[in-house]
J.: 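The structure that follows is given in the form of C-alpha cells.
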Protein chains: 2
Amino acid sequence: MLPFFGQEKVSVDANGRVKLCPRFLADFKDSGGWDIVLFSLPEGGVAIYPEKTFLRMRRSELDEAEKSGGSVLQRRRLRFSGAMTQSEKISNQGRITIPHFMREDCGLAPNSDVVMVGIQIGIEIWSSERWSGELDKMRRHSNEKGEREMASDLMDPRRE
Amino acid sequence: MLPFFGQEKVSVDANGRVKLCPRFLADFKDSGGWDIVLFSLPEGGVAIYPEKTFLRMRRSELDEAEKSGGSVLQRRRLRFSGAMTQSEKISNQGRITIPHFMREDCGLAPNSDVVMVGIQIGIEIWSSERWSGELDKMRRHSNEKGEREMASDLMDPRRE
DNA sequence: GACTTAAATGGAGTAGAATGGATTAACGAA
DNA sequence: TTCGTTAATCCATTCTACTCCATTTAAGTC
C-alpha cells in the first residue's frame with residue numbers, strides 16, 4: 001500500500017482537534033510512530049510530517065546556527081522556521097490538536113470543515129475553501145503548461 | 001519532542017514580567033535549568049537563551065577578545081554585546097522579569113500583548129505589532145518566491 | 001541614620017479552557 | 001441481520017492563565 005495518498009474530508013471538533021482517518025493513522029504508525037511535526041505553510045495549509053521525516057529534511061541547520069548565533073540572517077532563518085513549526089503527538093484516539101496560531105493562520109477554526117491531503121511524505125490539512133482555491137490554481141497552471149508544451153512542440157519539428 | 005518551536009501569545013503583567021507557557025518552560029528545563037540570558041536584538045525583540053547555549057555561542061568571541069583586548073574594534077564588540085545582554089533566572093512560578101532598558105528598546109511595556117516565538121535554540125519575545133510586521137515581511141517574500149517559481153516552471157517546458 | 005513611600009518579588013486562589021476518555025449512533029461488510 | 005469498525009458527541013478531570021494580595025527590597029527625604 002502506498003503511504004500518504006488520497007484525500008479525506010474531516011471536520012475540526014469544538015476544541016480545535018482533528019481525527020485522522022484509519023488509513024493515514026496506519027501510515028504514520030509505519031513511518032515511526034505518533035511523534036509528528038506540524039508546519040504552517042505560507043501558501044495556506046498545515047503540513048504534518050512524521051518526526052523522523054522532518055528531522056531528515058532539516059538536518060544540519062541547527063549546528064550552523066549555534067556557531068553563528070550573532071548573525072542577523074541566521075537568526076531570521078531560525079526564527080521563521082521555528083515560528084511556523086511545532087512538534088506534537090498523535091493522541092491515543094488518533095487525534096491531533098492544532099496549535100492556536102495555525103488555526104488562525106490557516107483558517108482551521110473549531111467546528112469547520114477541512115480536507116486532509118496525502119502528500120506522499122506526510123499529509124496536509126487545508127480549510128475547504130482554501131483547498132478548492134489551491135486546486136484551481138494548480139489546474140490552471142497545469143493547463144497553461146500543457147498549452148505551452150504543445151506550442152513549443154509546433155515550433156520545433158525535430159523534437160521527439 | 002523538538003524543543004523551542006511554535007508561537008504563543010502572552011501578556012506582560014503590570015510589573016513587566018512574562019510567564020512562560022508550560023511547553024517552553026519544559027524546554028528550558030531540559031536545556032540546563034532556570035539560568036537564562038536575555039539579549040536585546042537589533043531587529044526588535046528580546047532573545048532568551050539557556051545559559052549553556054549562550055556560553056557555547058559566545059565562547060569563540062570571548063577567546064578572540066582576550067587575545068586582542070587592546071583593539072578598539074574588539075572593545076566595541078564586547079561593549080555592545082555586553083550592554084545588550086543580561087543574565088536572569090526563571091522564577092519558581094515560571095516568570096521572567098524583563099530589564100527596563102529592554103522594555104523600552106523592544107516595546108514591551110507592562111500590560112501589553114506580546115508574542116513568544118520558538119527559535120529552536122531558545123525563544124524570542126516580540127511586541128505584537130512588531131511581530132506582525134516581521135511576519136508580513138516574511139509572507140510577502142515567500143509569496144513572491146512562490147510566484148516566481150511557478151512562472152519559471154511555465155517558461156521552461158523541460159523542467160521537472 | 002531612621003522613617004516613609006514606592007516598587008519589585010513571590011505566592012495563592014479561582015474561573016476558564018484544554019485534554020483524555022467513554023458512550024452512543026451510524027455505516028459497512030460478512 | 002448481525003457483527004465489527006468508524007465517527008461524532010458529550011462529560012469529567014486536569015491543567016492553565018489571570019488576578020489579586022502579602023512580603024520584601026530599595027530609594028528618597030527629613
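Below, chains carry the letters A, B, ... as their sequence lines are ordered, and counting in each starts from 1.
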J.: Return the 5'-most residue of the pair A:Arg17, A:Cys21 with respect to DNA chain D, ranking by each residue's nearest nucleotide.
T.: A:Cys21

J.: Using atom CG of A:Asn92 as one end and atom P of D:dT13 as the other, report the distance to the nearest whole Å.
T.: 19 Å

J.: Would you say C:dT9 has OP1 or OP2 under 4.0 Å from some side-chain N or O of B:Asn15?
T.: no

J.: Taking atom CD1 of B:Ile119 and atom CD of B:Gln7, what is their separation to the nearest 0.5 Å?
T.: 13.0 Å

J.: I want to confirm an ordering. Mapping A:Val10 and B:Lys19 to their closest nucleotides on DNA chain D, which one lands closer to the 5' end?
T.: A:Val10

J.: Would B:Glu144 and B:Arg140 satisfy salt bridge (Lys or Arg N to Asp or Glu O under 4.0 Å), going step by step from the backbone distance to the final call?
T.: CA-CA 6 Å; B:Glu144 174 76 8; B:Arg140 274 201 304 276; over 6 Å; no

J.: So if I take every side-chain heavy atom of B:Gln93 and compare against D:dA17, D:dA7, C:dG10, which nucleotide ends up nearest?
T.: C:dG10

J.: For DNA chain C, whose closest nucleotide is more 5', that of A:Ala14 or that of A:Arg95?
T.: A:Ala14

J.: Starting the side chain at C-beta, find the nucleotide from D:dA17, D:dT6, D:dT9 nearest to A:Pro22.
T.: D:dT6

J.: So, is B:His100 near the phosphate of C:dA8, with a side-chain N or O under 4.0 Å from OP1 or OP2?
T.: yes

J.: Rounding to an integer number of Å, can you tell me how far A:Ile90 CD1 sits from C:dT19 C1'?
T.: 16 Å

J.: Starting at atom CD1 of A:Ile98, determine the distance to atom C1' of C:dA18, rounded to an integer number of angstrom.
T.: 14 Å

J.: When the distance from CG of A:Leu20 to C1' of D:dT5 is rounded to whole Å, what number comes out?
T.: 17 Å

J.: Could you check whether A:Lys9 pairs with A:Asp113 (Lys NZ or Arg NE/NH1/NH2 to Asp/Glu carboxylate O, under 4.0 Å)?
T.: no

J.: Using modelled atom types only, decide if a donor and an acceptor are shared between the side chain of A:Arg130 and the backbone of A:Gly45 within a distance under 3.5 Å.
T.: no

J.: Could you tell me how far apart B:Ile96 (CD1) and C:dG10 (P) are, to the nearest whole angstrom?
T.: 13 Å

J.: Quick one: label A:Ser11 by what it contacts on the DNA or RNA (base, sugar-phosphate, nothing), any heavy atom closer than 4.0 Å.
T.: nothing

J.: Write down the distance between CG (B:Asn111) and P (C:dA8), rounded to a whole number of angstrom.
T.: 13 Å

J.: So what does B:Asp13 touch, heavy atoms closer than 4.0 Å: a base, only the sugar-phosphate, or nothing?
T.: nothing

J.: What is the distance from CD of B:Glu88 to P of C:dG10, rounded to the nearest Å?
T.: 10 Å

J.: Measure from the side chain of B:Thr97, starting at C-beta and using heavy atoms only, and say which of C:dG10, C:dT9, C:dG20 lies closest.
T.: C:dT9

J.: Start with the C-alpha distance between A:Val37 and A:Glu88, add both sets of side-chain angles, then the distance that settles side chain to side chain contact (heavy atoms under 4.5 Å, CB included), and finish with yes or no.
T.: CA-CA 6 Å; A:Val37 176; A:Glu88 283 277 347; over 6 Å; no

